[in-house]
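Below you'll find the structure, written out as structure tokens, and then a few comments.
Throughout, a chain's letter reflects where its sequence line sits, starting with A, and its residues are numbered from 1.
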Amino acid sequence: MSILIQIIIYGLSLGMLYFLLSSGFSLIFGLMGVLNFAHGSMFMWGCYLGYILSLSTGSFLFGIIGAAVCIGVMGLVMEKWLIQPLRGNQLRQILLTFGLIYVLEELAKVIFGTRAYMQFPPEWLSGSAHIFSETVPQYRLFMIFAGVIVFLLMTLLLKKTKLGMIIRAGTDKPRMVQAIGINVARIFSITFALGCALAGLGGAIATPFLGAYPTIDMEQVFNAIAVVIIGGVGSFTGAFYASVILGFISYITSYFVPELSMASTLLAMLVVVMIRPNGLFGGKTSEN
Amino acid sequence: MKTKNKLVLALALLAAVLVVPALIGSSYIHSIIITICIYSIFAISYDLLLGYTGIVSFGHTVYFGVAAYVVAFTTVKLHWPFLAAVGMVIVVCVAISFIFSLVTLRTKNVYFSMVTMAIGQLFYVMSTKLYAITGGDDGLPGVKSIFPNKTVFYIAAVLILVCVYLFSKRLVNSPAGRVLQGVKENDARIGMLGYNTFKFKSIVIQISGLLAGLAGILYVNLNGIATPSILNSSMTLQILFMVILGGVGTLHGPVIGAAIMQIASIVLSGFTTRWMLIFGIGFVVVMLFFPKGVAGVFDRFSQPNQLRKE
Amino acid sequence: MDNITENILELHDVETFIGQYHILFGVNITVRKGSATVLLGRNGGGKTTTLETISGLRPPFAGTILLDGKDIAGLPAYEIIQSGVGYVPEDRDIFSDLTIEENLLISSRKGNDYDKRLELVFELFPDMKKYFKKKSRILSGGQAQMLSISRALINDNKLILIDEPSKGLAPILIRELIDRINIIKKDNTVLLVEQNWEMATSVGDYFYIVQDGMTVFECTKEELLADDTIKQKYLGV
Amino acid sequence: MKSAMKKSYRYIALVLAILMIGALALAGCNKSEPAAGSSAAPAAGSSEAAEEPEVTGPPIKIGLLNETSGAYEQWGKMELQGFFSGLYYATDGTMAIDGRPLEVIVEDTTCDVGVGVQKATKLLEDDKVDILSGTCISSIALAVMDMAAEKGVPYVINCAASDDITGANFNEYTFRTGRNLTMAAEAGLGFLNEDEIEGTTWVVLAPDYAGGRSGGESLGAGVEARGGKVLDYIYPPMDCTDFTSYIQKIKSLNPDYLCAAIVGNNFIVKFPQQLKELGALDNGMQYVTSIADFDFLKTVGEAGIGQIGEALYHYNCWDTPANDALIQIHQELYNGEYPDFWAGESFVGAQAIVLGIQKAGGTDGQAFIKALEGLEFESVKGTYIIRAEDHQALQPMAVGRIISDGNGGATVEAAAIIPLEGMTFPVTAPGRA
């Protein structure tokens with residue numbers, strides 16, 4: 001019985017982490033066709049900023065919100081100076097974001113050094129809860145809660161607000177959004193910044209759990225890619241379900257088959273690509 | 001410049017490159033030039049894919065790394081002769097290229113890049129995990145170089161590089177090469193002209209895989225050890241740097257890129273420990289402003305036909 | 001400064017490239033207010049490119065485009081559309097993941113009397129009201145065309161560009177579409193590209209024949225119907 | 001086709017020209033004192049005690065491979081500073097042996113095997129160093145040791161800890177003064193005397209890589225030999241960050257002791273934190289691990305207080321004359337910094353090199369090997385003996401306990417010292433037992 005609870009709680013908390021990491025990545029790729037390999041680096045910088053801000057201001061919440069805002073601004077600047085000039089040339093965009101990984105990683109090393117920073121959860125989150133005789137760190141429950149809240153807020157935004165409708169329309173037919181009089185370039189900037197802010201938020205929330213160190217970017221970029229491939233491009237709910245599935249897969253493999261745990265997300269992705277190239281939950285077909 | 005004296009110039013330079021460093025007699029310089037030749041061969045093989053066929057694979061270092069591991073494993077653990085090991089590398093490279101061409105069937109452009117990156121990472125994870133075979137993080141040491149000393153190795157490396165360069169030039173200018181460039185422009189349209197694009201693409205994937213394998217063989221001969229670092233995604237990035245920095249789609253560009261990378265990394269690492277940051281920024285600048293890379297700077301920068309900016 | 005000129009739109013020697021291919025070599029068109037002007041001509045003549053150039057989706061390489069007297073050549077698409085132009089693309093491009101209401105909501109611009117225009121749309125296209133809350137991916141070809149036109153109608157636009165509305169529609173739907181457009185053209189001038197002879201002649205007041213990227217002939221409806229040689233010479237009908 | 005051929009000649013010429021320029025540029029920069037290789041030897045006369053040695057022989061060239069940049073640059077700095085302090089101590093500040101001045105050439109491996117081998121080629125074949133030393137990265141050490149043996153140049157490894165170096169991959173020109181992973185694992189158990197282990201249940205945990213597995217197995221063997229019972233071996237991946245599933249498994253096994261052979265940030269820092277978070281330590285399970293460098297102490301901070309484990313080197317654990325000298329020289333040379341972690345190991349290596357040259361009366365390879373085999377000398381941790389069979393230095397090991405350093409941080413004190421004789425691990429070098 002207790003193993004089942006563990007799988008649910010720890011698998012879910014891992015899944016929510018993957019969701020926070022990959023939701024922005026999927027949104028940006030779906031709407032703008034931009035595959036931002038540096039998305040993992042945004043997540044990593046979110047870890048560092050979350051750590052620094054919550055340490056300097058003493059409030060954990062300010063830390064994660066501040067980190068999300070800063071990374072959002074970073075995304076805005078990056079989109080304006082680096083992504084927009086290459087609009088329409090997907091190859092050069094990919095190669096540019098690939099190069100950005102190095103720039104952001106080395107910058108982090110210059111500023112934060114190569115050591116790992118440990119951040120302990122705030123007092124109101126550092127205890128352990130007891131669920132059916134299982135001691136579960138409260139922070140894990142907070143991660144699940146945070147992931148679900150972000151999913152609901154983003155779904156509301158996409159479903160109910162005009163901006164959300166425009167983003168969904170743009171994912172389907174970007175040229176036509178221009179033809180109904182909407183400045184698509186501005187929508188792209190907002191969406192890119194929003195996507196990066198989500199990664200920053202994810203990073204800041206992950207720090208008390210993972211810590212902040214300079215190799216997070218490469219570790220996490222593969223998880224983001226796996227979620228996008230399994231969930232289907234541009235489908236936000238797809239990213240959510242795919243993240244949950246991946247969370248369970250990686251927890252279960254690391255518990256029962258530790259040797260495979262490093263490769264579990266990669267194998268899962270390769271299997272899905274071979275069976276259903278456009279992911280389990282629809283989204284643009286990968287043959288386009 | 002008639003072809004005749006161009007030929008003379010080329011041969012003269014070839015002689016110079018072979019003789020002069022040999023006279024200087026510093027094996028450190030020889031090992032650096034060997035490294036430049038190895039990475040040039042690897043970069044040329046990648047340029048055949050990226051530059052001439054538009055296949056953006058982020059898993060190309062798999063051939064390079066696996067070739068090194070195969071040679072290390074067969075010669076050190078199984079005590080095979082070198083030629084048998086090379087035979088095994090060819091078999092393995094062809095098998096891997098088959099996997100990659102299968103992937104081109106299932107996924108297109110951006111998806112292909114993502115999936116190949118994942119495949120590359122999978123091989124990297126396996127190299128650290130299966131330590132019975134790969135020796136894990138410590139790698140597989142003990143590979144004896146087939147060249148008696150660094151000077152012979154260096155001369156052989158330069159000659160191999162020139163051969164690979166000529167072979168690639170001939171491939172690219174051949175009718176098959178033209179089809180591949182057509183595939184790059186518009187895969188579907190070439191298909192409609194009756195060419196089986198899958199067949200052509202898998203041929204070029206195979207050839208570039210074998211060339212990368214050749215570079216891997218030379219690498220393990222030079223360093224005497226195969227370690228997971230050559231399967232790591234940072235190696236993919238470095239090879240990408242060389243091709244893009246040097247000039248994609250030009251074949252001599254990657255050689256320039258390889259030379260710049262090697263020399264700069266040695267000189268720069270002397271001054272600052274954060275020399276990779278300079279490369280990263282350089283790469284981004286090249287992607288933004290000099291898409292044709294260093295080699296491309298000579299070609300005229302084509303003007304788009306638009307009166308007004310979009 | 002609403003100088004009610006006779007012409008809503010004037011194109012003078014407009015040239016356009018797609019990539020490095022030169023498509024339009026010299027297009028000259030005048031669209032009179034409250035009328036429907038039709039661009040005829042064989043496929044590949046540059047008709048669709050002309051509409052894309054006017055709407056700004058494809059900036060022109062040369063020439064001037066006057067909308068209500070103001071030169072809009074080279075402006076980004078969203079600015080041209082916002083100054084009162086509606087665009088109905090060739091393959092409709094409706095936002096399938098959004099409901100009909102959402103399609104219309106995001107097309108409605110600031111300061112637009114959304115409810116009044118919605119009534120007008122429901123009058124013209126009752127199906128829009130019937131499936132108002134449904135995802136537009138369930139619509140048939142004809143209904144999708146109606147939605148696409150409704151999107152251009154939701155704002156009180158000066159000019160509506162329609163690209164081959166009859167394409168793929170059943171004859172009874174075409175007839176229905178004909179009298180809808182005849183109503184629309186009164187208040188919101190229409191410029192459309194149309195191959196279907198029956199629709200073209202029963203909607204159009206003025207005609208231009210576009211061939212090899214140039215406007216080669218101009219005439220009124222009467223002149224077109226009176227003189228069969230035009231049909232033979234330019235349209236091979 | 002004609003023009004294509006002409007064009008390709010032009011390009012071949014271009015390619016060859018580049019190689020030419022590259023070669024000359026490098027040749028040029030090689031003539032002058034290589035920037036990367038500038039020997040960071042402190043000025044010989046800096047401490048007032050050393051008088052000016054008169055030079056009676058050619059300089060002794062020592063090549064030091066060092067991780068000056070790259071992922072392990074922190075460790076590289078420690079090894080470099082310990083090495084020079086060691087040379088300084090062993091030559092009483094003269095930086096010369098029998099009138100021959102020491103010339104140390106430091107080369108940056110940038111933590112990459114390819115570059116490491118290239119730099120080793122330079123040191124062995126161009127600079128023709130008499131003795132080679134250095135690198136904390138086992139894969140580089142393994143590659144370089146074969147090259148050194150080929151050139152007949154003794155290679156003294158201070159830090160790289162893989163067992164294979166003095167085991168499966170052994171060659172007679174290679175020595176290692178630092179402890180290997182098996183010794184680290186052995187030490188981990190050292191502080192418990194026989195009866196405490198008798199009848200207790202254990203779980204052994206180590207990172208999933210070659211060294212980790214061999215460390216784990218020898219730990220298990222040590223426990224079983226002392227009457228303990230190992231319930232399970234757990235090997236999480238090297239860069240695992242989420243240890244929850246492994247900790248849950250440990251809780252379900254509920255052992256008396258959890259013994260971890262630890263390497264790398266994630267294990268040292270995150271694992272104990274997640275252990276506490278998941279309440280694994282609540283039921284009295286004793287956690288035995290290894291204690292790493294200053295960064296580790298800074299990161300763990302007060303939360304780590306009370307933790308016990310094998311301490312490779314912490315200046316507070318030893319009060320031997322050599323250790324005091326290391327601290328004093330290190331602080332003098334490197335503006336007051338305390339020697340950290342690897343510095344304690346490279347100090348010993350440097351000392352062994354000097355003693356070897358003095359005993360061999362020169363830098364001839366075979367003489368140096370004979371001099372070092374069986375050499376017994378006093379150093380940082382007390383008496384060291386370089387075992388003749390596999391050239392591995394036997395040495396006392398410390399088990400440290402983390403204590404508060406008085407102002408909010410953490411430091412280490414020696415919970416127990418395992419004497420030289422306590423190290424009982426077999427010779428695994430082929431044909432050398």
Side-chain angles (χ1 to χ4, degrees), chain A residues 29 33-35 37-38 81-82 85-110 114 185 218-219 221-222 224-226 228-229 233 259-270 273-279 284-288, chain B residues 50-51 54-56 58 99 102-103 105-126 128-131 184 188 232-234 236-238 240-241 243-245 248 272-289 291 304 310:
Chain A
F29 184 43
V34 169
L35 187 63
F37 276 105
W81 299 104
L82 301 178
L86 298 178
R87 198 138 51 82
N89 190 322
Q90 202 169 35
L91 171 63
R92 274 169 62 193
Q93 267 174 354
I94 299 175
L95 297 179
L96 184 126
T97 60
F98 209 86
L100 261 182
I101 296 175
Y102 252 84
V103 175
L104 290 172
E105 188 176 308
E106 289 297 318
L107 261 181
K109 281 185 193 160
V110 167
T114 54
M218 284 321 284
E219 284 163 23
V221 81
F222 289 107
I225 291 176
V228 163
I229 294 240
V233 174
E259 292 74 23
L260 270 184
S261 62
M262 289 263 288
S264 54
T265 40
L266 299 171
L267 289 171
M269 175 172 70
L270 291 178
V273 147
M274 285 305 159
I275 304 168
R276 279 182 58 123
N278 59 357
K284 277 193 234 170
T285 150
S286 70
E287 250 92 13
N288 65 347
Chain B
L50 186 65
I55 296 176
V56 184
F58 288 145
I99 299 172
L102 257 187
V103 173
L105 264 184
R106 293 296 296 182
T107 56
K108 286 292 173 295
N109 45 51
V110 170
Y111 276 70
F112 176 76
S113 315
M114 286 204 277
V115 171
T116 51
M117 189 170 174
I119 292 175
Q121 181 71 359
L122 204 56
F123 274 89
Y124 169 69
V125 164
M126 279 197 291
T128 53
K129 274 279 162 302
L130 313 169
Y131 21 76
K184 177 181 178 195
N232 191 310
S233 46
S234 67
T236 310
L237 198 73
Q238 274 183 33
L240 209 54
F241 272 20
V243 173
I244 299 287
L245 228 56
V248 65
T272 147
T273 56
R274 293 275 76 84
W275 49 278
M276 270 322 286
L277 179 60
I278 298 163
F279 272 126
I281 293 170
F283 184 82
V284 168
V285 166
V286 165
M287 279 327 297
L288 275 177
F289 304 113
E310 215 178 41

Let me confirm one number: the [atom1]-[atom2] distance from [X] to [Y], rounded to the nearest 0.5 Å.
| X | Y | atom1 | atom2 | value |
| --- | --- | --- | --- | --- |
| A/Phe37 | B/Ser113 | CZ | OG | 6.0 Å |
| A/Leu35 | B/Met114 | CG | CE | 5.0 Å |
| A/Leu100 | B/Met287 | CG | CE | 11.0 Å |

If you compare all heavy atoms of [X] against all heavy atoms of [Y], which two are closest, and at what distance to 0.1 Å?
| X | Y | result |
| --- | --- | --- |
| A/Arg92 | B/Leu288 | NH2-O, 3.1 Å |
| A/Ala263 | B/Val125 | CB-CG1, 4.1 Å |
| A/Gly99 | B/Leu237 | N-CD1, 4.3 Å |
| A/Val103 | B/Leu277 | O-CD1, 3.6 Å |

* To do: If the plane angle is over 60° it's perpendicular, under 30° parallel, otherwise tilted; pick one for B/Tyr111 and A/Phe29.
  =>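 Tilted, since the angle between the ring planes falls between 30° and 60°.
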Could you tell me which portion of [X] (side chain, backbone, both or neither) has an atom closer than 4.5 angstrom to a non-hydrogen atom of chain A?
| X | answer |
| --- | --- |
| B/Tyr124 | neither |
| B/Leu240 | side chain |
| B/Ile244 | side chain |
| B/Leu50 | side chain |

Under 4.5 Å from any heavy atom of chain B - which part of [X]:
| X | result |
| --- | --- |
| A/Leu95 | both |
| A/Leu96 | both |
| A/Phe98 | both |
| A/Leu107 | both |

* Any chance you could lay out the side chain to side chain contact (heavy atoms under 4.5 Å, CB included) test for A/Leu82 and B/Val284, step after step, and finish with the verdict? => CA-CA 8 Å; A/Leu82 301 178; B/Val284 168; 3.9 Å; yes
* Output all residues satisfying side chain to side chain contact (heavy atoms under 4.5 Å, CB included) with A/Ala268, sequence neighbours left out; order by chain, then residue number. => A/Ile230, A/Leu246, A/Ile249
Within-4.5 Å side-chain heavy-atom neighbours: [X] and [Y]:
| X | Y | result |
| --- | --- | --- |
| B/Val103 | A/Met274 | yes |
| A/Tyr102 | B/Ser234 | yes |
| B/Leu122 | A/Leu270 | yes |
| B/Met117 | A/Val221 | yes |

* What option among A/Gln90, A/Gln93, A/Glu105, A/Met269 has the most heavy-atom pairs under 4.5 Å with chain B? ->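 Top count of heavy-atom pairs under 4.5 Å with chain B: A/Gln90.
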* Asked: By side-chain hydrogen bond (donor to acceptor under 3.5 Å, both in side chains), which residues pair with A/Lys109, not counting sequence neighbours?
  -> A/Glu106
